[in-house]
Amino acid sequence: MQQAENGGEEEATVDVQFTDLPNALIACKVPEDLFNEGSLRASFEGLFRSFDPEVQFQYFKSFRRVRISFSDALAAAEARLRLHKTDFNGKEMRLYFAQSVHIGSPRLEPPKPEKQFLISPPASPPVGWEQSQDATPVINYDLLCAISKLGPGEKYELHTATPTTPSVVVHVCEDEHGGDSSAPDDSDQDDKPRPPRPKIIQTRRPDYTPGVEQ
């Protein structure tokens with residue numbers, strides 16, 4: 001801020017940089033006749049051409065707005081300062097600076113292909129994908145050894161009972177044909193006749209009862 005004395009009065013002058021300001025204004029809630037009458041449109045444009053002869057206008061009838069683009073930001077700032085909230089055709093005219101939005105690219109870029117295979121699996125696996133190895137199955141060899149030593153009618157206690165949990169006991173099934181407890185040879189199994197298969201009895205169909213025809 002710079003201060004200068006002129007005739008005993010102090011005036012404050014501020015240096016403003018207009019390079020970062022927008023060079024366009026938006027006129028909001030303009031009269032609807034502005035979009036139809038040529039004489040009213042010429043009168044509206046004449047208000048802004050006094051600040052910049054190269055000013056351009058874009059009319060948005062659906063929003064009742066007009067975009068006024070100036071050649072530089074200084075002319076836009078001066079026009080907004082002079083014409084904001086002034087009367088035009090019996091209505092108050094409101095002017096606002098048009099804010100420019102930078103989206104980074106003029107085109108809509110596709111999403112990055114980092115996790116697309118999770119949404120829709122491709123025909124081939126992604127780069128660096130490796131098939132996981134199956135875990136080794138857990139086999140309790142002590143249990144298998146203890147069961148192999150059991151004979152018919154014997155049992156093996158896997159878990160001893162506690163005051164809060166029951167015991168777990170494995171029982172070996174008895175031989176269907178009886179006989180001794182020793183394991184038979186394969187030759188004896190071949191000589192013995194196999195028991196006949198049980199016949200499946202079909203369920204009898206219920207008697208047919210004629211219904212009343214309508």
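Numbering starts at 1 and runs along the sequence shown.
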Note to self: Can you confirm whether V66 sits close enough to F44 that some side-chain heavy atom of one is under 4.5 Å from a side-chain heavy atom of the other?
What the structure shows: yes
Checklist line | Contact list for residues 37-51, test side-chain hydrogen bond (donor to acceptor under 3.5 Å, both in side chains), sequence neighbours left out | finding: E45-R49, E45-Y59
Next item on the list: Could you list the residues that satisfy side-chain contact (heavy atoms from CB on, under 4.5 Å) with T136, not counting sequence neighbours?
Entry: none
Margin query: Please enumerate all residues that pass side-chain contact (heavy atoms from CB on, under 4.5 Å) together with L47, with sequence neighbours excluded.
Written below: L83, F88, M93
Notebook entry, point to check: Quick one: ring pair (Phe, Tyr, Trp, His ring centres under 6.0 Å) partners of F97, sequence neighbours excluded?
Noted result: none
Next item on the list: Could you name each residue pair satisfying salt bridge (Lys or Arg N to Asp or Glu O under 4.0 Å) that touches residues 60-76, not counting sequence neighbours?
Entry: none
Check: With sequence neighbours left out, what residues match D52 under side-chain hydrogen bond (donor to acceptor under 3.5 Å, both in side chains)?
Finding: S71
Next item on the list: Quick one: list whatever passes side-chain contact (heavy atoms from CB on, under 4.5 Å) with I139, sequence neighbours left out.
Entry: Y141, L144
Notebook entry, point to check: Tracing side-chain links under 4.5 Å among I, L, V, M, F, W and Y, which residues wind up in one group with F60?
Noted result: F63
Check: Who passes salt bridge (Lys or Arg N to Asp or Glu O under 4.0 Å) against E92, sequence neighbours left out?
Finding: R94
Next item on the list: Report the C-alpha separation of W129 and V127 in whole Å, then their side-chain angles, then the decisive distance to 0.1 Å, and conclude whether the side chain to side chain contact (heavy atoms under 4.5 Å, CB included) test is met.
Entry: CA-CA 6 Å; W129 180 85; V127 179; over 6 Å; no
Tell me which donor-acceptor pairs under 3.5 Å the side chains of residues 22-35 have, and how far apart each pair is, sequence neighbours excluded?
residue	atom	partner	partner atom	Å
N23	ND2	F70	O	3.4

Checklist line | Residues that S62 engages under side-chain hydrogen bond (donor to acceptor under 3.5 Å, both in side chains), provided they are two or more places apart | finding: none
Item checked: Set of residues satisfying side-chain contact (heavy atoms from CB on, under 4.5 Å) with respect to V169, sequence neighbours excluded -> K155, E157, S167, H171
Check: Got a second to check how far F48's CZ is from L95's CG, nearest 0.5 Å?
Finding: 4.5 Å
